[in-house]
Amino acid sequence: MPEFSTLRIDALTDRPRVARLLLNRPERLNAINGDMPREIRAAVEWAQANDDIHVIVVEGAGKGFCGGYDLQGSAEQLHEHPCQQESQPWDPMRDYAYMKRNTEDFMSLWRCSKPTIAKVHGHAVAGGSDIALCCDLLVMAEDARIGYMPTRVWGCPTTAMWTYRLGAMRAKQLMFTGDLINGRQAADWGLATSAVPAAQLDAEVDRLADRIAGVPNGHLAMHKMVVNQVMLTMGLEQTQMMATVFDGITRHNPEGLWFRRHAQTEGFKSAVAWRDSGRPIPEGDEARVLIREMDEKLKKS
């Protein structure tokens, strides 16, 4: 088996034809660092090349599936990052290249000819929801939570899967609010394949994976290709391009810079608490004034 720093992938010896891809940073709620997107792609490519594997189950170690990008450092620290530039003018293509590569890495789960099942307990939020929604099927614990809170400020889901999985109205509702929904609601809305009590999650995913695994690889590949082609014809790749550009803008416009300055002066938890509270987020000239005030505070610290 290949070895990685952020995840593990195993061909299950007790369940032929099934591989498990385990996001394995439980001490950080499996948050996405710079290595994880590349390692997801490499793990999927390993499974793709293994003819004995027919289906891949993606899950998270510890308390949840994935808490999103590991943002505390990039939000609070003063140094530049490829996707958070402080020098002027901002280089949007440098930002786009960095984030588009991550999007393509997550999409390896979607492009792989073998069916992929996201098994979600705890939280699959922000970038973690991107990983889950790039899988073909989504099985959730009823009390698990999924959503993209950074749509309120400092983020846009680059995989753009919400509309394709939910339809326009429900996708707009979640993008406008940044709300999370639980597994029961996700199943009711058609986002999740199914939702079961947490104690039954393992058995439910095993049942589904084993049922799929009995189908020949070639048949699975053809059926997946047909459905994926419909999404491509609907404009998935173009939508992802726009979403990835917009993600960079949300981190560099006045509102995004206000969020980062607040995280730098008051801490990331404080910035997130403001974002998620429903409290109005400073914008435009108001945000610019607050940014200047916080810049002065940072100079004195």
Side-chain angles (χ1 to χ4, degrees), residues 6 23-37 60-86 95 98-99 102 120-132 141 143-158 174-182 247-284 286-301:
T6 68
L23 306 178
N24 197 27
R25 300 185 71 219
E27 73 285 354
R28 297 292 298 167
L29 300 179
N30 300 317
I32 302 162
N33 63 10
D35 294 328
M36 184 178 284
K63 296 180 179 180
F65 182 82
C66 178
Y69 277 91
D70 204 344
L71 292 176
Q72 184 162 351
S74 60
E76 290 183 348
Q77 294 174 14
L78 300 179
H79 63 73
E80 284 206 353
H81 187 270
C83 63
Q84 189 63 53
Q85 302 164 40
E86 294 294 329
D95 189 298
Y98 181 87
M99 292 306 297
N102 287 358
V120 172
H121 73 295
H123 285 75
V125 294
S129 68
D130 279 325
I131 296 172
D143 61 353
R145 309 272 280 177
I146 189 169
Y148 208 101
M149 310 87 72
T151 58
R152 297 187 63 83
V153 69
W154 217 52
C156 177
T158 62
L174 292 184
M175 296 303 97
F176 293 163
T177 63
D179 287 345
L180 304 181
I181 59 174
N182 62 30
D247 183 59
I249 293 173
T250 67
R251 285 180 273 102
H252 293 85
N253 62 10
E255 297 76 35
L257 288 177
W258 165 83
F259 180 86
R260 190 175 194 227
R261 289 293 184 273
H262 188 90
Q264 289 167 339
T265 56
E266 307 298 330
F268 185 63
K269 289 183 179 179
S270 175
V272 168
W274 186 323
R275 178 197 71 191
D276 295 347
S277 68
R279 184 179 173 188
I281 292 165
E283 55 186 307
E286 180 188 5
R288 293 183 182 94
V289 170
L290 293 172
I291 290 166
R292 286 194 291 269
E293 292 176 356
M294 289 185 284
D295 281 341
E296 291 299 318
K297 185 174 181 180
L298 288 169
K299 288 178 183 177
K300 294 176 182 178
S301 62

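Every value quoted in this text rests on a predicted model; they were computed, and no experiment measured them.
- Proximity of Lys297 to Glu266: side-chain heavy atoms (C-beta onward) are separated by under 4.5 Å at one or more points.
- Scanning all heavy atoms of the two residues, the minimum distance from Met36 to Thr6 falls at CA-OG1, 3.4 Å.
- At distances below 3.5 Å, not a single donor-acceptor pair connects side-chain atoms of His121 with backbone N or O atoms of Asp143.
- Using a 4.5 Å heavy-atom threshold, the side chains of Ile146 and Ile181 count as touching.
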Is there a side-chain contact (heavy atoms from CB on, under 4.5 Å) between His262 and Gln264 once you walk through the steps?
CA-CA 5 Å; His262 188 90; Gln264 289 167 339; over 6 Å; no
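- Closest of all the heavy-atom pairs between Thr250 and Gly155 is OG1-N, 2.9 Å.
- Within the 4.5 Å cutoff, the side chain of Glu296 has no heavy atoms near those of the Glu293 side chain.
- Between Gly256 and Val153, the shortest heavy-atom distance links the atoms N-CG2, 4.3 Å.
- Between the side chain of Asp179 and the backbone N or O of Gly147 there is no donor-acceptor pair closer than 3.5 Å.
- Within the 4.5 Å cutoff, the side chain of Trp154 has no heavy atoms near those of the Arg275 side chain.
- For the pair His123 and Leu180, the minimum side-chain heavy-atom distance is below 4.5 Å.
- In terms of heavy-atom proximity, Asp95 sits nearest to Gly248 at OD1-CA, 3.6 Å.
- For the pair Tyr148/Leu174, no side-chain contact is recorded, criterion being any heavy-atom separation below 4.5 Å from C-beta on.
- More than 12 heavy atoms of other residues, nucleotides or ligands sit less than 6.0 Å from atom CD of Glu286.
- To the nearest 0.5 Å, atoms OG (Ser277) and CZ (Arg152) are separated by 7.0 Å.
- Under the 3.5 Å distance criterion, the side-chain polar atoms of Asn30 are matched with a main-chain donor or acceptor of Gly64.
- Note that CG of Leu257 is 12.5 Å distant from CG of Leu290, once rounded to the nearest 0.5 Å.
- Salt bridge Asp295/Arg261: present, at least one basic N to carboxylate O contact under 4.0 Å.
- Considering every non-hydrogen atom in both Pro254 and Arg288, the closest pair reads CG-NH2, 3.5 Å.
- Put simply, the side chain of Leu71 does not reach to within 4.5 Å of the side chain of Val272, judged on heavy atoms.
- By the side-chain hydrogen bond (donor to acceptor under 3.5 Å, both in side chains) test, Lys63 is found to be paired with no residue, residues two or more places apart in sequence or in another chain being considered.
- In this structure, Asp70 CG and Arg28 CZ are separated by 4.0 Å, a value rounded to the nearest 0.5 Å.
- A donor-acceptor pair under 3.5 Å is absent between the side-chain atoms of Arg279 and the main chain of Trp274, judged by distance alone.
- Listed here is the closest heavy atom pair of Ala31 and Cys66: CA-SG, 4.5 Å.
- Between Trp258 and Ile281, the closest side-chain pair of non-hydrogen atoms falls below 4.5 Å.
- No option in Asp130, Asn102, Asn33 other than Asn102 meets the side-chain hydrogen bond (donor to acceptor under 3.5 Å, both in side chains) test with Tyr69.
- Using modelled atom types, no side-chain atom of Glu255 and backbone atom of Pro282 make a donor-acceptor pair closer than 3.5 Å.
- Arg145 places no side-chain N or O within 3.5 Å of a backbone atom of Ala124 that could act as its donor or acceptor partner.
- To the nearest 0.5 angstrom, Thr158 atom OG1 is 6.0 Å from Asp247 atom CG.
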